Amino acid sequence: METTRLTMAIAAGALLVAGTPAAGMAAGPGIKLSAINASPGQEVELTATLVAAGGKIAGTQNDFSVKPPQISVKRKANGKPDCTVNPSINKSASTFVFRPANCGGDACNTVRVLVFSTEDVGTIPDGSVLYTCKLQLAAGAPAGTVPIELSGTILSDATGVRVCGSADKDTPCKGNVNGKLTVTKKDKGGARGKKRK
């Protein structure tokens with residue numbers, strides 16, 4: 001009788017452990033934006049990484065938003081966001097557009113990103129960089145941390161079926177992680193602290 005109870009207790013404990021993500025592991029699939037440190041006036045690069053968490057992800061969609069004029073997304077010569085899909089994941093049909101539609105100047109505070117391919121529908125490896133975007137920090141940006149907000153994430157498999165998404169009937173993308181940019185002021189007293197001769 002005691003042996004049976006012990007066996008049941010061990011089995012129940014194993015189920016609890018199996019159902020609980022280990023420390024540091026993502027709770028589910030999603031996209032992770034990078035944390036950046038920069039000085040006022042500096043150009044930096046935002047990185048988006050896939051958190052597959054066991055899902056078979058072949059295509060992604062998401063928006064990210066910055067806070068102009070403190071942080072703005074740099075533009076290419078054609079006016080589109082200065083973003084680049086990771087060439088190693090073979091998603092050559094990927095697109096980057098400013099939102100809201102037909103915006104101009106500081107009103108273009110959001111970028112919509114679609115990472116996909118019409119030729120290569122293979123699974124994107126977990127932990128892969130999806131894309132990078134160049135951001136410009138204003139010369140007068142105050143010290144502090146500014147969020148780079150992630151929204152509208154949709155992850156799909158090779159057949160186009162949603163693994164997770166942002167609609168009411170979708171499984172939430174629990175692995176989403178907002179980015180952040182921490183502004184640090186340069187020390188103007190570079191010689192301060194040195195002993196005078």
Side-chain angles (χ1 to χ4, degrees), residues 14-38 43-66 71 73-76 78 80-99 110-136 145-182:
L15 284 171
L16 285 171
V17 171
T20 305
M25 291 181 66
I31 293 174
K32 179 181 179 181
L33 299 181
S34 57
I36 308 165
N37 294 315
E43 178 186 301
V44 295
E45 192 170 76
L46 176 71
T47 301
T49 303
L50 176 66
V51 181
K56 303 296 183 183
I57 313 300
T60 72
Q61 176 179 320
N62 75 274
D63 293 353
F64 72 84
S65 300
V66 296
I71 306 171
V73 180
K74 297 203 73 174
R75 292 175 179 267
K76 293 183 177 180
N78 61 7
K80 292 184 178 180
D82 194 347
C83 299
T84 305
V85 68
N86 178 4
S88 69
I89 62 174
N90 299 318
K91 303 299 176 183
S92 57
S94 300
T95 60
F96 304 87
V97 295
F98 281 112
R99 303 283 295 172
T110 298
V111 176
R112 174 157 294 175
V113 184
L114 278 77
V115 175
F116 73 106
S117 174
T118 55
E119 299 174 351
D120 185 348
V121 295
T123 299
I124 303 170
D126 188 18
S128 294
V129 170
L130 295 171
Y131 61 88
T132 57
C133 290
K134 293 181 180 178
L135 308 181
Q136 181 66 50
T145 298
V146 184
I148 302 173
E149 296 178 354
L150 180 68
S151 62
T153 301
I154 300 171
L155 305 181
S156 302
D157 65 17
T159 64
V161 174
R162 291 189 180 192
V163 175
C164 66
S166 55
D168 290 342
K169 295 182 180 179
D170 290 339
T171 300
C173 296
K174 295 181 180 179
N176 284 340
V177 178
N178 288 333
K180 62 181 179 179
L181 197 159
T182 300

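Please read these numbers as outputs of a predicted model, since none were measured by experiment.
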Has the side chain of N86 got a donor or acceptor atom that lies under 3.5 Å from a matching backbone atom of V129?
yes
Is it the case that the side chain of K91 and the backbone of T118 share a donor-acceptor pair, with hydrogens and angles ignored and the cut-off at 3.5 Å?
no
Can you give me the closest heavy-atom contact between [X] and [Y], atom names plus distance?
{"X": "S166", "Y": "G152", "value": "OG-CA, 3.8 Å"}
{"X": "V85", "Y": "Y131", "value": "CA-CB, 4.0 Å"}
{"X": "A93", "Y": "S117", "value": "CB-CA, 4.1 Å"}
{"X": "L181", "Y": "A38", "value": "CD2-CB, 4.1 Å"}
{"X": "F96", "Y": "C83", "value": "CD2-CB, 3.3 Å"}

Under the side-chain contact (heavy atoms from CB on, under 4.5 Å) criterion, do I154 and N62 qualify, and how do the steps go?
CA-CA 6 Å; I154 300 171; N62 75 274; over 6 Å; no
Look up atom NZ in K32 and atom CG in N178, then write down how far apart they are to the nearest 0.5 Å.
12.0 Å
Say you draw a straight line from CD1 of I148 to CG of L135; how long is it, rounded to the nearest 0.5 Å?
5.5 Å
Please report the C-alpha distance between L130 and T60 in whole Å, then the side-chain angles of each, then the deciding distance to 0.1 Å, and finally whether the side-chain contact (heavy atoms from CB on, under 4.5 Å) criterion is met.
CA-CA 9 Å; L130 295 171; T60 72; 4.0 Å; yes
Within 6.0 Å of CG in N78, more than 12 heavy atoms from elsewhere:
yes
Once side chain to side chain contact (heavy atoms under 4.5 Å, CB included) is applied, do any residues pair with [X], and if so which ones, sequence neighbours excluded?
{"X": "V146", "value": "K67, Q70, I71"}
{"X": "N176", "value": "I31, L150, T153, C173"}
{"X": "K74", "value": "E43, D82, K134, Q136"}

Is there any salt bridge (charged side-chain N to carboxylate O under 4.0 Å, His left out) pair reaching into residues 111-127, and which pairs are they, with sequence neighbours excluded?
D63-R112
Qualifying salt bridge (charged side-chain N to carboxylate O under 4.0 Å, His left out) pairs, either residue in residues 151-162, two or more places apart:
R162-D170
side-chain contact (heavy atoms from CB on, under 4.5 Å) assessment of L33 paired with V177
CA-CA 6 Å; L33 299 181; V177 178; over 6 Å; no
What donor-acceptor contacts under 3.5 angstrom involve side-chain atoms of residues 45-55, with partners at least two apart or in another chain?
none

For F64, does the six-membered ring have the charged nitrogen or CZ of R99 within the cation-pi criterion, i.e. under 6.0 angstrom from the centroid and within 45° of the normal?
no
Without hydrogens or angle criteria, can the side chains of T182 and T145 be said to hold a donor-acceptor pair below 3.5 Å?
yes
